[in-house]
**Student:** 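Before I ask anything, let me first share the structure, which is written out below as C-alpha cells.
Side chains included, hydrogens not; waters and symmetry mates left out as well; all remaining heavy atoms used.
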Amino acid sequence: MDLTDVVSHARAALERCPPGHNDRDYALYNLAKALSNRFKTEGKSDDMDEAIVLHRVALELRPSGHPRRFSSLHNLALCLSDRYKSQGVIADLEEAVRLARAALELCSPGHPNHDISLHNLAYYLRERFQKQAVMRDLDEAIELHRAALEVRSSGHPRRSSSLHGLSLCLSDRYEDQGVAADLEEAVTLGRAALELRPLGHPDRDLSLFGLAVCSRNRLAAHDLDEAIKLHREALELRPFGHPHRSSSLAWLALCLSERYDNQGVVVDLEEAVTLERAALELRPPGHSDRDVSLYNLAYYLGKSFRSRLQ
C-alpha cells in the first residue's frame with residue numbers, strides 16, 4: 001500500500017468516528033501520522049499543515065491523565081520541528097520545545113519513553129541554539145543528552161543517536177567558547193557513534209559528516225586529511241536527490257580550500273570550486289544556505305585567479 005492509499009484509508013477511518021466517538025482521538029492521530037509520513041517522502045507542505053491541525057485536535061481529546069497523551073505531545077512536537085526545518089518559523093520550534101518538556105514530565109526515570117523524551121528535547125534545544133545562540137539552550141541540551149546516554153547503555157538500539165547528538169552539541173559549544181576538552185570529547189563520541197553505524201546503517205552519513213566537522217575543527221594537518229576522507233565517504237552516501245547532499249558538497253569544498261591554503265596543491269582548489277558550484281545548484285533562490293555558497297564560490301574563484309598569477 002503506497003502512502004496515498006494509507007492516507008485515504010486513514011481518512012475513511014476518521015469519517016467512521018464522528019465527534020463524540022470513543023475512538024475519534026485515535027483516528028485523528030492515525031491520519032495525522034499518515035500525512036506526516038507522506039510529507040517526509042513527498043515534501044508537500046499542505047500535508048504537514050493538516051497533520052499539525054489533526055494532532056492538535058487529538059491532543060484536546062487526550063487531556064491530562066489520558067493514556068495516549070504522551071503520544072500526541074511527542075508527535076505534535078515532531079511535526080512542528082519538521083515544519084520549522086522546512087519553513088523556518090521560530091514559533092513552531094518554540095512550541096516544539098514546550099510540548100517536548102510536557103512530554104518529558106509524563107516520562108519519569110524508568111518510563112519506557114524517558115530516553116526518547118530526553119533526546120528529543122535536547123534536539124529541539126540545539127535547534128533553537130543554532131537559531132538564537134542562547135548558550136543556556138545548548139548547555140541544557142548537553143545535560144539532556146548525557147542523561148539519555150546513561151539510559152542508553154552499551155547494546156541499547158538508540159545509543160548511537162545519543163552519542164551523535166551529544167557530539168554535535170559539544171562541537172557547537174567548542175565553536176562558541178573554544179574549550180578544547182569539548183572538542184576532544186566530541187571527536188571521541190563521534191567515533192563511538194560511527195562504530196555503531198556500520199556500512200548500510202541508515203544514519204552512517206550523519207556520523208561521517210559530524211565526525212568530519214569535528215576533525216576539521218582540530219586544525220592539525222592529519223585531522224584535515226581525515227575530515228576530507230570522511231566528507232568524501234558521506235558524500236557517496238548522499239547521492240543526487242538526498243536532502244543533505246549540498247551540505248556535504250559545501251563542507252568538502254571548504255576543507256579542500258583550507259588544505260590548499262596549507263599545502264598549495266592547486267588540484268584541491270580546483271575541486272573546491274567544482275564542488276561549491278554543485279552545492280550552489282542545489283541551493284536555488286530562497287534556500288537558506290544560498291548566500292553561503294555564493295560567497296564561498298566567489299572566494300574560491302578569487303583564490304584560483306590569484307594562484308594563476310603566481
Side-chain angles (χ1 to χ4, degrees), residues 36 39-40 43 45 48-49 51-52 55-56 59 73-105 107 115-149 161-183 185-186 189-190 193 206 209-214 216-217 243-244 246-248 250-251 254 279 283 285-296:
S36 65
F39 167 81
K40 291 174 184 177
S45 60
M48 183 55 75
D49 292 342
I52 288 170
H55 273 312
R56 290 193 196 285
L59 183 60
L73 290 166
H74 171 76
N75 282 280
L76 178 53
L78 286 174
C79 286
L80 288 162
S81 174
D82 286 343
R83 190 167 71 176
Y84 165 74
K85 285 184 284 187
S86 174
Q87 301 179 13
V89 179
I90 190 63
D92 282 342
L93 184 57
E94 295 286 0
E95 187 176 3
V97 169
R98 290 195 298 272
L99 292 165
R101 288 196 191 283
L104 180 57
E105 289 176 3
C107 302
D115 66 307
I116 295 173
S117 295
L118 290 165
H119 180 88
N120 284 8
L121 179 54
Y123 178 86
Y124 303 146
L125 287 167
R126 178 179 181 251
E127 289 277 295
R128 192 166 71 178
F129 167 78
Q130 291 182 318
K131 179 70 173 181
Q132 299 178 340
V134 177
M135 184 52 62
R136 66 174 177 271
D137 281 343
L138 188 59
D139 288 339
E140 184 181 1
I142 289 170
E143 291 177 8
L144 291 165
H145 274 310
R146 290 196 191 282
L149 190 58
S161 293
S162 286
L163 290 165
H164 177 70
L166 181 54
S167 175
L168 292 178
C169 288
L170 289 165
S171 179
D172 287 345
R173 192 164 70 179
Y174 166 77
E175 290 180 13
D176 188 86
Q177 298 184 351
V179 178
D182 280 342
L183 181 58
E185 186 179 3
L189 293 166
L206 294 174
F209 183 88
L211 182 55
V213 171
C214 292
R216 175 253 176 185
N217 284 342
H244 303 306
S246 69
S247 294
S248 282
W251 273 87
L254 176 63
R283 295 172 170 179
H287 191 285
S288 59
D289 292 321
R290 182 172 173 81
D291 61 326
V292 176
S293 279
L294 286 167
Y295 177 87
N296 286 349

**Student:** Can you confirm whether His287 sits close enough to Val292 that some side-chain heavy atom of one is under 4.5 Å from a side-chain heavy atom of the other?
**Tutor:** no
**Student:** Could you grab the distance from atom CG of Leu118 to atom CG of Leu144, nearest 0.5 Å is fine?
**Tutor:** 6.0 Å
**Student:** Go through the structure and list residues passing side-chain contact (heavy atoms from CB on, under 4.5 Å) with Leu168, not counting sequence neighbours.
**Tutor:**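 Leu168 satisfies side-chain contact (heavy atoms from CB on, under 4.5 Å) with Arg126, His164 once adjacent residues are dropped.
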**Student:** What are the two closest heavy atoms between Ser117 and Leu104, and how far apart are they?
**Tutor:**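 Here Ser117 and Leu104 meet closest at CB-CD1, 3.6 Å.
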**Student:** Among residues at least two apart in sequence or on other chains, which ones pass side chain to side chain donor-acceptor pair (under 3.5 Å) with Ser162?
**Tutor:** Arg152
**Student:** Taking the side chain as everything from C-beta on, heavy atoms only, tell me whether Cys214 gets closer than 4.5 Å to Ser167.
**Tutor:**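 Touching, per the 4.5 Å side-chain cut-off.
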**Student:** Hey, what do you get for CD (Gln132) to CG (Leu125), rounding to the nearest 0.5 Å?
**Tutor:** 10.5 Å
**Student:** Work out which heavy atom in Gly190 is nearest to a heavy atom in Leu211; give both atom names and the distance.
**Tutor:**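 What the structure gives for the nearest pair is C-CD1, 4.3 Å.
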**Student:** Could you work out, with side-chain contact (heavy atoms from CB on, under 4.5 Å) as the rule, every residue matching Ala279, not counting sequence neighbours?
**Tutor:** Leu249, Ala250, Glu276, Ser293
**Student:** Scan for ring pair (Phe, Tyr, Trp, His ring centres under 6.0 Å) pairs involving residues 117-138, sequence neighbours excluded, and state none if there are none.
**Tutor:** His119-His145
**Student:** Please report the shortest heavy-atom distance between Ser171 and Asn217, naming the atom on each side.
**Tutor:**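 Shortest heavy-atom separation between Ser171 and Asn217 comes out as OG-ND2, 3.7 Å.
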**Student:** Using the test salt bridge (Lys or Arg N to Asp or Glu O under 4.0 Å), find all partners of Arg146 that sit at least two apart in sequence or belong to another chain.
**Tutor:** Glu185
**Student:** What pairs with Glu105 under side-chain contact (heavy atoms from CB on, under 4.5 Å), at least two apart in sequence or on another chain?
**Tutor:**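 side-chain contact (heavy atoms from CB on, under 4.5 Å) check on Glu105 returns nothing, list empty.
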**Student:** Applying side chain to side chain donor-acceptor pair (under 3.5 Å), name anything that partners Ser248, two or more places apart in sequence or on another chain.
**Tutor:**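 Testing Ser248 for side chain to side chain donor-acceptor pair (under 3.5 Å), a comparison that skips the adjacent residues, returns Arg238.
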**Student:** Quick one: pull up CZ in Arg98 and CG in Leu93 and give me the separation to the nearest 0.5 Å.
**Tutor:** 10.0 Å
**Student:** Tell me every residue that passes salt bridge (Lys or Arg N to Asp or Glu O under 4.0 Å) with Asp92, counting only those two or more places apart in sequence or in another chain.
**Tutor:** Arg83
**Student:** Kindly write out the residues that satisfy salt bridge (Lys or Arg N to Asp or Glu O under 4.0 Å) with Arg56, not counting sequence neighbours, or none if the list is empty.
**Tutor:**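 Arg56: salt bridge (Lys or Arg N to Asp or Glu O under 4.0 Å) contacts with Glu95.
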**Student:** So Val89 and Tyr84, side chain to side chain contact (heavy atoms under 4.5 Å, CB included) or not? Walk me through it.
**Tutor:** CA-CA 5 Å; Val89 179; Tyr84 165 74; 5.5 Å; no
**Student:** Nearest heavy-atom pair of Asp182 and Tyr174: which atoms, and what distance?
**Tutor:**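 Closest approach of Asp182 to Tyr174, heavy atoms only: CB-CB, 4.2 Å.
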**Student:** For Arg128, what residues pass the salt bridge (Lys or Arg N to Asp or Glu O under 4.0 Å) criterion, not counting sequence neighbours?
**Tutor:** Glu94, Asp137
**Student:** Does Asp176 pair with Arg173 as a salt bridge, N-O distance under 4.0 Å?
**Tutor:** no
**Student:** Roughly how far, to the nearest 0.5 Å, is the CG atom of Asn120 from the CG atom of Leu73?
**Tutor:** 12.0 Å
**Student:** What distance separates Leu170 CG from Ile142 CD1, expressed to the nearest 0.5 Å?
**Tutor:** 4.5 Å
**Student:** Is Lys85 atom NZ crowded by more than 12 heavy atoms from other residues, nucleotides or ligands, each under 6.0 Å away?
**Tutor:**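 Yes, because the 6.0 Å sphere around NZ of Lys85 holds more than 12 heavy atoms from other groups.
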**Student:** Are any non-hydrogen side-chain atoms of Cys169 and Leu138 less than 4.5 angstrom apart?
**Tutor:** yes
**Student:** Which atom names give the shortest non-hydrogen contact between Arg290 and Arg283, and what distance separates them?
**Tutor:** NH1-O, 2.8 Å
**Student:** Applying ring pair (Phe, Tyr, Trp, His ring centres under 6.0 Å), name anything that partners His244, two or more places apart in sequence or on another chain.
**Tutor:** His242
**Student:** Rounded at 0.5 Å granularity, tell me how far OG in Ser161 sits from CG in Leu206.
**Tutor:**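 Taking OG in Ser161 and CG in Leu206, the distance rounds to 9.0 Å.
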**Student:** So, do Ile52 and Leu76 sit near enough that their side-chain heavy atoms are less than 4.5 Å apart?
**Tutor:**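 SC-SC contact between Ile52 and Leu76 confirmed.
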**Student:** Not counting sequence neighbours, which residues clear side-chain contact (heavy atoms from CB on, under 4.5 Å) with Ser36? List them please.
**Tutor:**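 Ser36 satisfies side-chain contact (heavy atoms from CB on, under 4.5 Å) with Met48, Ala51, Cys79 only.
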